[in-house]
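Heads up: the structure comes next, in structure tokens.
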Amino acid sequence: SLAAKDDWGPLFDADAMRRALADGGPCKAAAAVYYDDMYVDFDACMRVARRGGPLEKCKVWITNDYQHSGLRDNGAEIFSKLLGMAKGNVGTPS
């Protein structure tokens with residue numbers, strides 16, 4: 001599996017992600033996490049986004065309204081919701 005590969009460097013820099021999303025930091029973030037996504041492990045996503053995780057400040061929309069192809073299926077609506085969540089204009093539904 002990809003997670004077991006040992007010839008890759010780190011896939012992300014947790015400290016850089018925390019700094020970017022810190023209060024007063026340069027970035028805001030929101031993500032759609034599909035509970036039954038066949039390609040992306042839900043628990044792995046939640047470990048990164050949990051309290052104390054590198055994406056703790058990311059607004060998370062947990063849904064099964066769409067699957068892995070959500071952006072292809074209804075990209076405009078999903079993008080609008082995520083952008084509104086990141087900006088604070090749309091409440092986080094989950």
Side-chain angles (χ1 to χ4, degrees):
S1 92
L2 288 175
K5 287 187 66 63
D6 61 4
D7 60 340
W8 288 1
L11 296 179
F12 61 88
D13 181 334
D15 291 331
M17 292 166 74
R18 282 187 188 91
R19 284 191 305 274
L21 295 176
D23 292 335
C27 302
K28 305 288 184 216
V33 177
Y34 305 115
Y35 192 77
D36 289 322
D37 193 309
M38 66 173 63
Y39 299 107
V40 180
D41 182 70
F42 176 81
D43 293 328
C45 291
M46 299 316 297
R47 280 193 299 275
V48 175
R50 74 177 176 224
R51 187 177 311 262
L55 290 178
E56 160 180 35
K57 299 285 186 174
C58 180
K59 309 273 178 72
V60 178
W61 171 32
I62 300 169
T63 183
N64 259 352
D65 290 345
Y66 303 97
Q67 293 300 310
H68 194 78
S69 62
L71 287 177
R72 180 177 50 223
D73 297 340
N74 197 357
E77 184 174 323
I78 292 171
F79 182 79
S80 177
K81 181 181 291 253
L82 293 175
L83 183 60
M85 286 169 56
K87 289 182 171 183
N89 301 329
V90 173
T92 305
S94 50

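Values below: all heavy atoms of this structure, side chains included; hydrogens, waters and symmetry mates excluded.
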Task: Residue pair Ala29 / Leu21: nearest heavy atoms and the distance that separates them - done: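 The pair with the smallest heavy-atom distance is CB-CD2, 3.7 Å.
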
Task: Verify same cluster id: Leu71, Trp61 (apolar side-chain graph, 4.5 Å) - done: yes

Open item on the list: Quick check: is Val60 connected to Phe42 through a chain of hydrophobic side chains (ILVMFWY, heavy atoms under 4.5 Å apart)?
Closed with: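 Yes.
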
TODO: Measure from the side-chain N and O atoms of Arg18 to the backbone N and O of Asp13, and report whether any donor-acceptor pair falls under 3.5 Å.
DONE: no

- [ ] First locate atom NZ of Lys57, then atom CG of Asp23, and finally report the distance between them rounded to the nearest 0.5 Å.
- [x]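 One gets 3.5 Å once the value is rounded to the nearest 0.5 Å.
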
Task: Distance in Å, Asp65 CG paired with Lys81 NZ, rounded so as to fall on 0.5 Å steps - done: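 If we round to the nearest 0.5 Å, Asp65:CG and Lys81:NZ are 7.5 Å apart.
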
Taking distance alone, no hydrogens or angles, what donor-acceptor pairs closer than 3.5 Å link side-chain atoms of residues 31-40 to residues at least two apart or in another chain?
| unit_1 | atom_1 | unit_2 | atom_2 | d |
| --- | --- | --- | --- | --- |
| Asp36 | OD2 | Asn64 | ND2 | 2.8 |
| Asp37 | OD1 | Tyr39 | N | 2.7 |
| Asp37 | OD1 | Val40 | N | 3.1 |
| Asp37 | OD1 | His68 | ND1 | 3.1 |
| Asp37 | OD2 | His68 | ND1 | 2.9 |

Open item on the list: Restricting to side chain to side chain donor-acceptor pair (under 3.5 Å), what partner residues turn up for Gln67, sequence neighbours left out?
Closed with: none

Task: Within-4.5 Å side-chain heavy-atom neighbours: Met46 and Ile62 - done: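 Yes, at least one pair of side-chain atoms sits under 4.5 Å.
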
Task: Met85: which of Leu83, Asn89, Leu82 passes side-chain contact (heavy atoms from CB on, under 4.5 Å) - done: Leu82

